[in-house]
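I have placed the structure first, in the form of structure tokens, so that the comments after it can refer back to it.
Numbering of ligands and ligand atoms starts at 1, following listing order. For the numbers below, each heavy atom of this structure counts, side chains included, while hydrogens, waters and symmetry mates do not.
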Amino acid sequence: MPQVNDTQENLQKCICGQCPSYNQCMGDKTEGLYCARGKSSCEFEKNGCVCGACPLTSEYGLEQLYYCEIGRDE
Ligand code: SF4
Ligand code: SF4
């Protein structure tokens, strides 16, 4: 499985900001693109994950969810 690259282009495609689990701490740290950058440094509640609807999921064939918790896809 190809690794997701940490690029500006991919960051713009990331929809973590629209996710119900994405919280203020994550926003304050301008986190996102967890599937490439690794897990969040924030504490958060799992209220759902929208990675399945992200264009990068089909582009890279991602098979998991909650990359903010499990870290980068590798
Ligand atoms: S798959 Fe999830 S973590 Fe990765 S860019 Fe898309 S929304 Fe963000
Ligand atoms: S990785 Fe999934 S659960 Fe975490 S913020 Fe992004 S879309 Fe939400």
Side-chain angles (χ1 to χ4, degrees):
M1 184 181 300
Q3 273 183 20
V4 182
N5 297 316
D6 182 3
T7 62
Q8 197 61 34
E9 192 188 353
N10 281 345
L11 181 61
Q12 278 165 8
K13 292 179 184 170
C14 175
I15 57 170
C16 285
Q18 301 164 40
C19 171
S21 301
Y22 194 88
N23 64 22
Q24 182 159 8
C25 172
M26 293 162 157
D28 287 348
K29 296 184 177 184
T30 60
E31 288 188 354
L33 197 57
Y34 299 108
C35 55
R37 293 180 168 175
K39 53 183 77 164
S40 174
S41 62
C42 296
E43 287 187 20
F44 59 94
E45 278 180 41
K46 289 207 230 171
N47 295 319
C49 175
V50 297
C51 285
C54 174
L56 296 186
T57 286
S58 45
E59 217 171 286
Y60 286 89
L62 302 182
E63 292 175 340
Q64 301 189 76
L65 296 172
Y66 288 106
Y67 291 105
C68 52
E69 178 178 79
I70 66 173
R72 57 181 286 136
D73 195 70
E74 46 196 351

List in chain and number order the residues that pass side-chain hydrogen bond (donor to acceptor under 3.5 Å, both in side chains) with Glu69, two or more places apart in sequence or in another chain; answer none if no residue qualifies.
-> Lys46
Ignoring hydrogens and angles, tell me if any N or O in the side chain of Arg72 forms a donor-acceptor pair with the backbone of Ala36 under 3.5 Å.
-> yes
Pairwise distance OH(Tyr67) to CG(Leu33) - rounded to 0.5 angstrom = 11.5 Å
In short, side-chain hydrogen bond (donor to acceptor under 3.5 Å, both in side chains) pairs touching residues 12-26 with sequence neighbours left out are Lys13-Glu59
Pairs touching residues 30-43 that satisfy side-chain hydrogen bond (donor to acceptor under 3.5 Å, both in side chains), sequence neighbours left out = Asp6-Arg37, Lys29-Ser41, Glu31-Tyr34, Glu31-Ser40, Glu31-Ser41
Cut-off under 2.8 Å, centre atom 2 (Fe) of ligand 1, protein N/O/S atoms = Cys51 SG
Below 4.0 angstrom from a heavy atom of Gly48, which ligand 2 atoms are there? Numbered from 1 as shown, please.
-> 3 (S)
CA sep, side-chain torsions, deciding dist, call: Cys68, Phe44, side chain to side chain contact (heavy atoms under 4.5 Å, CB included) = CA-CA 9 Å; Cys68 52; Phe44 59 94; 3.5 Å; yes
